[in-house]
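Read the structure below first, then the notes.
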Amino acid sequence: MTDSFKSLPLRNELLTTLDTLGYTQMTAIQAQSLPTLLEGKDVIGQGKTGSGKTATFSLALLSNLNVQRFRVQSLVLCPTRELADQVAKEIRTLARGIHNIKVLTLCGGMPMGPQIGSLEHGAHILVGTPGRILDHLSKGRIDLSELNTLVLDEADRMLEMGFQEALDAVIEQAPKQRQTLLFSATFPKQIEAIASRITQSPLMVKVESTHQTTTIEQTFFKLESTQERDDALEALLLTHRPQSSVVFCNTKKEVMNVTDELLHRGFSVVELHGDMEQRERDQALTMFANKSISILVATDVAARGLDVENLDAVFNFELSRDPEVHVHRIGRTGRAGAKGQAFSFYSEKDGYRVALIEEYMDIEISPKALPSKPSGEPYQAAMTTIQILGGKKMKVRAGDILGALTKTAGIDGKRIGKINILAMVSYVAVENDVAKVALKQLQMGKVKGKALKARIMK
């Protein structure tokens, strides 16, 4: 079996686009599932982030598309707005050789008015979160009568986030004659039940993570009380001084407790869990990704799909109940061949979880002695984030912000970090010692000829 895209019966425009993007060879999940997908059959795919699943289902739904029929023909359901935005972006990129394709993103946490307006103008492909899609469906704003492809992306996470009822209600309104594609990183019993109910004779495709855990140094510590874990976390953070690290917790309550404890001990930390508003999530992720915060404390649900490069360390404050999730957690460090560190805490009662990880990863776990707590101050993030009240809607671009800071304020471009442009706001990371100069320029000067409000994020 050849793994070249040219071996597939794809329309010429898609093959040309794939070629210009430098996509010539298929990933494992693409090679195993695309021939079946392009025959119009159902597929259930199990693969981690980075396996190429988004391009897989994007090519399938674009192949099913009749551009002349200006009706909703594909629906992709995602657990979060961040993932829906990524998916819509990839579909648009792959579809750029096909004229007049309309892809619409519909997610919660966003104003309803503009979405209603966009739906009135029609669309070929909808990408969104189950709750918001159901909201529009129940008010008659979406017509699924011509739907030919339904995709559930990160189905396990949608269930973890409580979308079961909304999912069922949306699927109920989709035509019975359709192609259904379901992708999930893990396969708990609930997912198996949904898959058997909504698919017809599906092909099961499972690909192992392409991420090598051999570059990750794992260390386990046996600790009984929460106090011991808090002290151990502080000692390890002070010893290894990671610039960016994630502390995984199993519950929202634990996330909040660990965050409070780290703040109390003087660390640069932010929390991330499912009950936060979208605006708070965006700000927390932006500040962590651009190195303005050095520690992120999160649940698995919140951290899935986390787009952060060069994570120095991962801490499991408690072991996950699922060994696959454990591998997923530690796989966030040591990327691109770099050496990563993973520190895991467990107690006497966690024997079963330890055994599952040992079996799953084919390793032997024995507890190590904790380093004694070194003297010295906690590591503080090197960057400061400035929020600017102006974004895509005001035609603000990254180049405009960069120009205002380098040309007008005279700040060296090397001292400016990530710039994120959202719909109504933008964020720029700058090194701490030029933060006041940068803020003054953005407040007193102009960006794209406009005076915009700006503030330092805390």
Test item: [X] side-chain N/O and [Y] main-chain N/O as donor-acceptor pair under 3.5 Å:
X	Y	result
T333	I330	no
K373	E234	no
S184	D156	yes
T408	L405	no
Q380	G266	yes
R11	L62	yes
D312	S244	yes
S63	L10	no
E318	Y346	no

Mind running side-chain hydrogen bond (donor to acceptor under 3.5 Å, both in side chains) on Q227 and D231 for me, showing each step along the way? CA-CA 6 Å; Q227 176 73 47; D231 292 343; 3.2 Å; yes
Rounded to the nearest 0.5 Å, what's the gap from CG on L262 to CD on E271? Could you check? 11.0 Å
Distance check, rounded to the nearest 0.5 Å: H273 atom NE2 versus T299 atom OG1?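 Answer rounded to 0.5 Å: 8.0 Å.
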Can you find a side-chain donor-acceptor pair between N250 and S320 that sits under 3.5 Å?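 No pair is found: no donor N or O on one side chain lies under 3.5 Å from an acceptor on the other.
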Looking only at side-chain N and O atoms, does N257 offer a donor or acceptor that is under 3.5 Å from a partner on E261? no
Is it the case that over 12 heavy atoms from other parts of the model lie below 6.0 angstrom from the CD atom of E165?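 Not more than 12 within 6.0 Å, no.
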Is atom CE of M112 surrounded by more than 12 heavy atoms (other residues, nucleotides or ligands) closer than 6.0 Å?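 Enclosed.
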Any side-chain heavy-atom pair of [X] and [Y] under 4.5 Å:
X	Y	value
N290	I419	no
L181	L152	no
R329	N316	yes
F288	V246	yes

What verdict does the salt bridge (charged side-chain N to carboxylate O under 4.0 Å, His left out) test give for R141 and D135, after you've listed the backbone C-alpha separation in whole Å, the side-chain angles of each residue and the deciding distance to 0.1 Å? CA-CA 9 Å; R141 299 187 197 116; D135 205 347; 5.0 Å; no
Please state whether the rings of F345 and F221 are parallel, tilted or perpendicular, taking 30° and 60° as the class boundaries. perpendicular
Does D85 form a salt bridge (charged side-chain N to carboxylate O under 4.0 Å, His left out) with K89? I'd like the steps, not just the answer. CA-CA 6 Å; D85 285 339; K89 187 178 173 187; over 6 Å; no
Option from R178, Q179, Q73 for which side chain to side chain donor-acceptor pair (under 3.5 Å) with N64 holds: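 With N64 as partner, side chain to side chain donor-acceptor pair (under 3.5 Å) holds for just one option, Q179.
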If you take the centroid of each ring, where Trp contributes its six-membered ring, are F317 and F248 closer together than 6.0 Å?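 Not close enough - the centres of the two rings lie 6.0 Å or further apart.
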Quick one: side-chain hydrogen bond (donor to acceptor under 3.5 Å, both in side chains) pairs with a partner in residues 119-132, sequence neighbours left out?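 Non-adjacent pairs meeting side-chain hydrogen bond (donor to acceptor under 3.5 Å, both in side chains): Q115-R132.
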